[in-house]
Number of protein chains: 2
Amino acid sequence: MTVSKAVEKSGEATRSRKDAGDSPAEALHLGELSEQLGYVLKRAQLKVFENFLRCVASLQLTPAQFSVLLLVEQNPGRNQTEIASTLGILRPNFVAMLDNLESRDLCARIRSTNDRRSHILVLTDKGKAVLTRAKKLVATKHEARLNELLGAANRDALIAMLSKIANEF
Amino acid sequence: MTVSKAVEKSGEATRSRKDAGDSPAEALHLGELSEQLGYVLKRAQLKVFENFLRCVASLQLTPAQFSVLLLVEQNPGRNQTEIASTLGILRPNFVAMLDNLESRDLCARIRSTNDRRSHILVLTDKGKAVLTRAKKLVATKHEARLNELLGAANRDALIAMLSKIANEF
DNA sequence: GATAATTGTTATGGACCATATCAAATATCG
DNA sequence: CGATATTTGATATGGTCCATAACAATTATC
């Protein structure tokens, strides 16, 4: 079948031109797309990041920055390579990120005395304070919204399944 | 507490320098990160996209391109703006995407006779054939892997929760 | 002690995303 | 009707994120 014939078979001629009778321009059918894991996953991720940004807007933290602060707090004495790699961030790209956090006095690089190539990462006092406030905001606004939407049990099941996918897919 | 004092309290001095006794450089603790919805969601999404790309590598289709083909097939007679916006793609960015698909003869733009501003999108015969093959690959390789990992019931529950998040968060 | 590997860094290019702007076509309204 | 506004596809452009190569300083290996 040619393209020109295909267009005749489509419902185009009857609907376009701003819907002659002012009918409400019906929404498109997602079809199999709404069952595609990747599609639904991506859209959910965008919404969650968007919501996260709003919830911690007062602290000016992105999800990635939040994850760095959390990981540095949880793992004192680690260097840039270690922190970056466990977050899936490539070392070159981690440099600008740290420059940012350091310029805002949220964390600091400290030359290691054992291996003078590496920089040990530490949270500053301000960084600890900001992280504490961020955790609170995330818990009371962000995660609370999720529980409200799914219920605690479903939330746990969701996280478990996503972790499984992230680790074993 | 100052930064210099903080580093003394960290476990740095005892572990760095390639772990004196060749001990296996213990993995970092994710801590609260493994419970963060956004973190786990993002990592799962990356893995799923990665797997998708491998599964349909023979057809050279990205998840975004696959979604365009699916949506065009499901909604004949729609124009660029309609297809792009339901996929969350901005019109300017959709142009290059279509240029690509059209240059590969997978879909075609057809000037609408009703509204000569708009381009109706249609799958070519080759586009239909490729989409059919892609669906088969996705079903037998990609989605099958998901079922194997979670089971059909859990898979459905996961998709449902992600849809809910994507639509109502 | 010569060579290899590691760490942080810079430079660079690609992919994706967002905004402003434009010409052509159409819609709206006096 | 005709002037003005809106819509559509397109271009240009800038930002962010991601990936690779290369480099100097330092350390490991042989």
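Proteins get letters first, then strands, A, B, ... in listed order; numbering begins at 1 in each.
A straight line from CD1 of B:Ile83 to C1' of D:dT8 spans 15 Å, rounded to a whole angstrom. In this structure, A:Asn79 atom CG and D:dT26 atom C1' are separated by 13 Å, rounded to whole Å. If you take CD1 of B:Ile89 and P of C:dC17, they are 8 Å apart, rounded to a whole angstrom. If you take CZ of B:Phe94 and C1' of C:dC16, they are 15 Å apart, rounded to a whole angstrom. Distance, A:Asp115 CG to D:dA25 P: 16 Å, rounded to whole Å. In this structure, B:Gln65 atom CD and C:dA15 atom C1' are separated by 12 Å, rounded to whole Å. Atoms CG (B:Leu53) and C1' (C:dA15) sit 12 Å apart, rounded to a whole Å. Spacing between atom CZ of B:Arg111 and atom C1' of D:dT7 amounts to 13 Å, rounded to whole angstrom units.
Ion pairing between a basic and an acidic side chain is recognised when a charged N comes within 4.0 Å of a carboxylate O; A:Arg145 and A:Glu148 show such pairing. Between B:Glu35 and A:Arg155, at least one side-chain nitrogen of the basic residue sits less than 4.0 Å from a carboxylate oxygen of the acidic one, meeting the salt-bridge criterion.
Between the side chain of B:Asn93 and the main chain of B:Ile89, no donor-acceptor pair closer than 3.5 Å is present.
For the side-chain contact (heavy atoms from CB on, under 4.5 Å) with B:Val56, the qualifying choice from B:Asn51, B:Val130, B:Val138 is B:Val138, the only one to do so.
In this structure, A:Thr81 reaches the C:dG8 phosphate: one of its side-chain N or O atoms is under 4.0 Å from OP1 or OP2.
Considering only side-chain atoms of A:Asn93, the nucleotide from D:dA19, C:dT7, D:dT27 that sits closest is D:dA19. The nucleotide whose nearest atom lies closest to any side-chain atom of A:Val95 is, among C:dT9, D:dT8, D:dC18, C:dT9. Each of C:dT26, C:dT9, D:dG9 was ranked by its minimum atom distance to the side chain of A:Pro92; first place goes to C:dT9. The side chain of B:Leu90 approaches C:dA18 more closely than any other nucleotide in the set D:dG9, C:dA18, D:dC18. In this structure, of C:dT7, C:dT9, D:dG9, it is C:dT9 that holds the atom nearest to the side chain of A:His119.
Within the 4.0 angstrom heavy-atom criterion, only backbone atoms of the sugar-phosphate kind lie near B:Arg116; the bases stay farther away.
Between A:Asp99 and A:Leu46, the residue whose closest nucleotide on DNA chain C is further toward the 5' end is A:Asp99.
Relative ring orientation between B:Phe52 and B:Phe66 is described as tilted, the plane-to-plane angle lying within the 30° to 60° band.
At a cut-off of 3.5 angstrom, counting only N and O atoms as typed in the model, there is a donor on one side and an acceptor on the other between the side-chain of A:Arg117 and the base of C:dT6.
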